[in-house]
Structures are given as structure tokens and as C-alpha cells.
*Asks:* 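Sharing a structure, written as C-alpha cells. Questions coming.
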Amino acid sequence: MTDLSLLNQVTAFISIEADMLDFEEYNAWLDLWSDTGVYVVPIDPKETDFANTLNYAYDKAEMRRLRVNRLLSGEAVSTQTTDKTVRGLSRFRILEDSDSHVTVRCAMYLSECRHGNLKSYPADVTYKLMKTDNDFRIEEKVIRLQNSDAYLSSIGYIL
Amino acid sequence: MTEMIDVKNITVDYESMVRPDKVHTSLYSDPEIFEEELDKIFNNTWVWVGHESEVPETGSYKTAMIGRHSVIVSRDRKKNIHVLLNRCRHRAATVCEGKRGKTKSFMCPYHGWGYSLDGALRAIPKPEEYEGVFDKSELPLISLRFETYQGLIFATFNDDIQPLEAFLGGAKKWIDLFVKQSGGFPLKVLGDHRFRFPGNWKIQLENTTDAYHFPIVHKSFVSSVDEQTADIFDFLDGEGHVEDLGNGHSVMVMIPELVDLDKNLDDPIPERFQALAEELAAEGHSDAEVRRMVRAVGGSGFNLNLFPNVACSMAFFRVLAPVSVNETEIHHVALGGEGAPAAFNQMRLRLHEHFQGPMGFGTPDDAEAWERVQKGSQAGTGEWILLNRGQNHLTTSPDGNVSGAVCSETGMRAAYQQWKKMMTA
């Protein structure tokens with residue numbers, strides 16, 4: 001039996017995270033993370049040993065901060081040509097629930113518009129969330145793009 | 001600059017389109033030129049298809065492209081490497097999909113023809129209807145000529161061209177230096193980033209020998225590293241150079257002190273690798289081993305551009321595959337050491353992810369610039385692409401080659417002269 005109350009809580013948290021990313025509130029997004037959290041975009045969607053394989057992104061706290069700085073600095077030309085992203089998340093399912101953590105999987109449909117061209121990046125996203133007082137902190141976020149094993153184009157934002 | 005060429009009448013006049021100091025803009029955008037490039041260049045020279053570490057064992061395979069041709073690089077039961085055309089001899093379906101992996105054989109999905117790892121045709125369902133028509137030994141997968149140097153595998157459709165080592169010529173010395181970066185272990189491919197950009201393949205070919213763009217396009221990358229590392233990447237006013245190595249190859253030395261990674265092992269350990277050095281020492285590696293790994297971990301201080309499709313680019317292989325006149329696929333192949341400590345290979349992976357690939361801090365900005373080149377090159381009625389930077393400050397290198405400043409366009413001029421030579425052959 002799904003714990004609907006918990007499902008509502010994690011759905012609300014993840015929806016806010018998505019909204020922050022679409023509206024480029026990147027510094028607020030950094031605060032959603034635990035200090036030990038890892039943000040991963042793997043190449044092979046079946047991969048689980050992220051530290052020992054090549055990923056599109058494998059960001060611990062320092063790299064997340066640097067990635068946000070790059071996006072906000074105005075120094076990177078590729079980040080200036082992508083108009084707003086729009087992402088929708090659905091199909092939430094709680095995979096694990098313990099006293100300290102909850103693991104959630106969902107579907108993400110993200111569209112970007114670069115140089116007037118609309119492109120979509122569907123993905124399975126798995127969150128491991130650390131439970132705090134009435135809230136969560138992200139311990140791990142893994143974005144498995146549907147076409148990750150083929151070829152991509154530049155991604156000038158945060159998935 | 002506004003000298004006009006009647007494009008309609010110059011599709012075969014490559015002499016006039018490639019000058020010592022500039023190339024005609026239609027080289028980026030004319031579909032007829034692109035088709036001729038596939039034939040005259042990609043079908044007629046040595047094209048990089050992989051590294052031996054990508055097919056380490058019996059049954060290992062990878063796929064690659066030579067122009068529009070899909071090929072399989074495989075290792076058979078006798079541990080021999082083969083480069084095979086990925087095309088069933090019956091009705092042409094590909095017999096291998098996917099980037100790399102392990103298999104016992106290659107099976108055509110259409111009628112079930114089965115080929116062994118060396119390409120031999122082994123199995124045909126219901127063979128009786130071929131009785132007296134042909135013998136299986138007559139129809140193996142088509143095998144391509146290939147040769148290797150330092151583990152790099154090059155293949156060609158042309159059985160008559162010079163041996164690979166003669167083609168590489170002056171580039172061999174630099175390949176020897178490049179493969180030192182695995183820290184005392186055999187060089188190993190760790191994975192690759194793949195992306196496409198809407199632009200001609202030669203825009204990418206130029207970029208690997210273009211130091212001039214680095215502080216502009218990669219400002220955000222430089223801002224993301226520590227001060228000591230930023231100083232190392234501030235190489236435009238340094239002692240580096242670009243050298244024409246012949247046959248379209250060139251080397252661009254950005255960081256002279258990192259040309260030979262076996263030298264200067266007593267240099268102070270850079271700040272950004274201090275934690276790695278401590279971790280390796282704590283694992284019990286000797287001071288000499290630690291210093292060798294730490295010196296190698298960031299890669300070589302140069303980009304070696306090999307005409308037409310691969311570069312040994314500081315710490316990775318940069319491979320290009322032309323898709324159409326205005327689309328190119330790029331693979332950034334990450335490298336490490338076979339059997340090296342996990343911490344060493346992890347650092348190499350993290351450095352690769354930091355700059356390379358569609359989410360790196362460097363590649364997306366390169367791709368944006370290249371896309372804008374392709375778009376901008378459509379403007380005008382016959383303009384030129386300039387390649388004359390540094391042409392009045394040329395010297396002769398110790399190896400006797402034409403050499404220019406690190407931010408000169410010497411390497412691009414070398415590539416386009418080879419392009420012209422092949423297109424007019």
C-alpha cells in the first residue's frame with residue numbers, strides 16, 4: 001500500500017526543485033542538497049558504479065557550486081543561447097523508505113529551446129532524499145536520459 | 001577579402017579554393033564538395049577507428065565510422081584484431097549494433113547469416129538452395145586493411161596507400177609522448193562522450209589546433225579552476241608553438257613543461273593534485289610511483305591533430321565523424337591506465353567530465369562557436385575563411401618543420417594543404 005502522505009511530500013519537494021531549475025533559481029537549488037549529495041547524469045543508463053565510470057556529469061558539492069557559478073556568470077556563450085527550459089515530472093513511485101531516507105523514481109519530460117529549435121530530453125530520474133525535520137535534502141539525483149547512450153547536443157542548463 | 005569566385009564553376013577547382021592564407025567559404029557548405037570529400041579523403045587515407053584497449057579480449061568488439069561506412073573492430077579467438085565492414089554479404093543489413101561489447105559471433109537479423117569474429121561466414125539457414133551457387137568461404141564480411149601504432153588502430157579502404165607509419169611520419173614522436181599519460185600503466189579507454197553539432201567537420205578539425213579561441217570561448221572553464229591551474233591554461237603568451245608535421249598533421253604545444261611526462265618528476269606537486277598524491281601514498285605507492293601518476297594525471301601539454309579524423313588532445317582522443325555537409329558527430333574518448341589505482345582513473349574521469357562532453361564546462365561553448373561559424377558562413381556571396389594568423393612570423397623547428405606561435409594558424413594551413421592535395425589527386 002503506497003504511503004500517500006509520503007508520496008505527496010516527496011512529490012511536492014521534487015516539483016519545487018524542478019521549478020527552481022526551470023526558473024534558474026540555481027543558488028536556492030544548491031540549498032536543497034545535503035553536503036554529501038551527488039548529482040549524476042550517466043552515459044550508460046544501466047550503470048550503477050558512477051564514481052568509476054565516465055558520466056556526462058558527476059557533481060559533488062564543489063562541482064555543483066562551480067556549475068551554478070558558470071551558468072550565472074554570463075561567461076559561457078552556450079548558456080546564453082538556451083531559452084527557458086520547461087520540465088514536467090510524473091509517474092512518481094517510492095522505491096525505498098527507511099527512517100532516514102526515501103528513494104523515489106519518476107519520469108521527466110524536459111524541453112529546451114536553443115536558437116529557436118525545440119528539443120526534448122525525456123529521462124528517468126531517481127532521487128535519494130534524506131529526511132530532515134518536515135523536509136528533505138537531496139542525497140543523490142540520477143538523471144538517466146532516454147538517449148544517453150547515443151549522442152547528445154550541448155546542454156547549457158541543469159537537468 | 002571580397003575576391004569573388006564563381007562557385008558554380010569551381011566545384012573541381014580546389015586549387016583556387018584553398019590558398020596559402022585562406023579557404024573559400026563553400027568548403028563548409030557545398031554538398032557536392034562534401035560528397036567528394038567522403039570519396040577522395042575518407043575512402044583514401046588512414047582513418048582512426050579505435051584503440052586496442054577497446055577490444056581487449058576474444059569476442060570484444062566496437063563499431064566505428066569511416067565516412068559513411070559502418071565498420072566493426074573485433075578481436076578473434078587467436079587474439080587477432082580485424083576491421084570488418086558492418087554489412088551482411090547477402091542483403092546488406094548491419095550485423096552489429098551498439099557501440100562496444102562482447103559477442104561470440106555476428107548474426108544478421110534478416111535471414112540469420114552468421115559470421116565469426118574474424119568475419120568468416122559460418123552459418124546460413126537452409127543452405128541447400130545455395131548448393132552449387134557459392135561456397136561459404138567466398139563470402140566473409142569484407143575485411144579492411146588496418147595497421148596500428150602505439151595501440152591506435154587506423155583502417156583504410158585503399159590497399160595502395162603508404163604504410164601507416166610513413167603516413168604518420170613526424171607525428172609518431174608526439175604519439176609516443178602522448179601515450180605516457182597513463183602513469184606507468186598501459187593506456188586504456190575509459191569511455192566516451194558523444195555529441196553532434198550542426199556544422200561542417202572541418203570546423204572541428206581546425207579547432208584542435210586553434211589556441212587563439214581558448215581564453216575567449218573557455219573563460220567560464222578557466223574561472224572554475226584554481227589560480228595555479230588558470231595560470232597553466234594562460235598559454236597564449238607562453239613559449240608554446242604550432243608545428244606542421246606533414247601529411248596534414250600538426251602539433252600545438254600549449255604547455256611546454258608538460259610535453260614529456262617522464263621528465264621533471266621532482267617538480268612540486270600541483271595544488272589541485274595534492275589530495276590525490278596523499279591518497280596514492282596512503283595506499284602504499286612509492287614516492288616515485290606517486291610522482292609519475294600525479295604528473296601524468298592531467299594529460300599532455302599539447303594537441304596532436306592527425307588528418308583527417310582524430311586528435312590526441314591533451315588528455316583524450318577527439319574523434320570526428322562527418323554526418324552531412326552541415327552536421328558532425330564528435331566523440332571525446334576518456335583515457336586512463338589499465339590496472340592503475342582507482343583514485344588515478346577516477347581523477348582522470350572527473351577531469352574529463354569537467355571540460356568535455358555535452359555537459360562539460362568547455363565543450364558546449366566550443367560547439368556554440370562552431371554552430372555560429374556554420375551559420376555565419378552562409379552569409380555573403382562567396383567570402384573567405386582566413387587562415388593567415390602568424391604567417392609572417394614562421395620559424396623552423398628543431399625537427400626541421402614549419403613552426404609558428406602557439407596561437408598561429410599553422411596547423412590549419414597544414415590540414416588544408418593536405419585537403420587540397422587529396423582533393424586534387
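Labels below follow one simple rule: chain letters A, B, ... track the order of the sequence lines, proteins then strands, and each chain is numbered from 1.
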*Asks:* For B/K375, does the NZ atom sit with more than 12 other heavy atoms under 6.0 Å from it, leaving out its own atoms?
*Replies:* no

*Asks:* Is A/R67 close to chain B through its backbone or its side chain, or both, or neither, when contacts mean heavy atoms under 4.5 Å?
*Replies:* both

*Asks:* Take a 6.0 Å sphere around CD of A/E96 and say whether it holds more than 12 heavy atoms from other residues, nucleotides or ligands.
*Replies:* no

*Asks:* Can you tell which part of A/N52 gets under 4.5 Å to a heavy atom of chain B, answering side chain, backbone, both or neither?
*Replies:* both

*Asks:* Which atom pair, heavy atoms only, marks the closest approach of B/R350 to A/T53?
*Replies:* NH2-O, 3.0 Å

*Asks:* Between A/A51 and B/L349, which heavy-atom pair has the shortest distance, and what is it?
*Replies:* O-CD1, 3.9 Å

*Asks:* Do the side chains of A/D59 and B/E353 get nearer than 4.5 Å, heavy atoms only?
*Replies:* no

*Asks:* Counting only non-hydrogen atoms closer than 4.5 Å, does B/E371 touch chain A with its backbone (N, CA, C, O), its side chain (CB onward), both, or neither?
*Replies:* side chain

*Asks:* Assess whether side chain to side chain donor-acceptor pair (under 3.5 Å) is satisfied between B/E368 and A/T81, documenting all intermediate values.
*Replies:* CA-CA 8 Å; B/E368 175 72 24; A/T81 52; 3.0 Å; yes

*Asks:* I need the minimum non-hydrogen distance between A/L66 and B/S224, along with the two atoms involved.
*Replies:* CD1-O, 3.5 Å

*Asks:* Quick check with a 6.0 Å cut-off and a 45 degree axis cone: is B/R194 positioned over the face of A/Y151's six-membered ring?
*Replies:* no

*Asks:* Does A/R65 CZ have over 12 foreign heavy atoms under 6.0 Å away?
*Replies:* yes

*Asks:* Please tell me whether A/E75 and B/H218 have a donor and an acceptor in their side chains that are separated by less than 3.5 angstrom.
*Replies:* no

*Asks:* Are B/D365 and A/R70 ion-paired here, with the side-chain N under 4.0 Å from a carboxylate O?
*Replies:* yes

*Asks:* Locate the shortest heavy-atom distance separating A/S154 from B/A367; write the atom from each residue and the value.
*Replies:* OG-CB, 3.4 Å

*Asks:* Hey, is NZ on A/K60 packed in by over 12 heavy atoms from elsewhere, all under 6.0 Å?
*Replies:* no

*Asks:* Name the region of A/D149, side chain, backbone, both or neither, that has any atom closer than 4.5 Å to a heavy atom of chain B.
*Replies:* both

*Asks:* Which heavy-atom pair separates B/H352 from A/L54 by the least distance, and what is that distance?
*Replies:* CD2-CD1, 3.6 Å

*Asks:* Count the heavy atoms belonging to other residues, nucleotides or ligands that lie under 6.0 Å from CD of B/Q378, then report whether that count exceeds 12.
*Replies:* yes

*Asks:* Would you mind telling me which of A/N69, A/V77, A/D44 has the largest number of heavy-atom pairs within less than 4.5 Å of chain B?
*Replies:* A/V77

*Asks:* Is the backbone N or O of A/N55 less than 3.5 Å from a side-chain atom of B/H193, with the two atoms forming a donor-acceptor pair by type?
*Replies:* yes

*Asks:* Does the side chain of B/M359 come within less than 4.5 Å of A/L159's, by heavy atoms?
*Replies:* yes

*Asks:* Is it true that, when you exclude A/Q9 itself, more than 12 heavy atoms of the residues, nucleotides or ligands shown sit nearer than 6.0 Å to its CD?
*Replies:* yes

*Asks:* Hey, is CG on A/D35 packed in by over 12 heavy atoms from elsewhere, all under 6.0 Å?
*Replies:* no

*Asks:* Please flag which part of B/D366 lies under 4.5 Å from any non-hydrogen atom of chain A: side chain, backbone, both or neither.
*Replies:* neither

*Asks:* Checking B/R348 against chain A: side chain, backbone, both or neither under 4.5 Å from a heavy atom?
*Replies:* neither

*Asks:* Of the backbone (N, CA, C, O) and the side chain (C-beta and beyond), which part of B/F197 lies under 4.5 Å from a heavy atom of chain A, both, or neither?
*Replies:* neither

*Asks:* By a 4.5 Å heavy-atom criterion (distance strictly below it), what part of A/I43 contacts chain B: side chain, backbone, both, or neither?
*Replies:* side chain

*Asks:* Kindly check if the number of other-residue, nucleotide or ligand heavy atoms within 6.0 Å of NZ (B/K99) is above 12?
*Replies:* yes

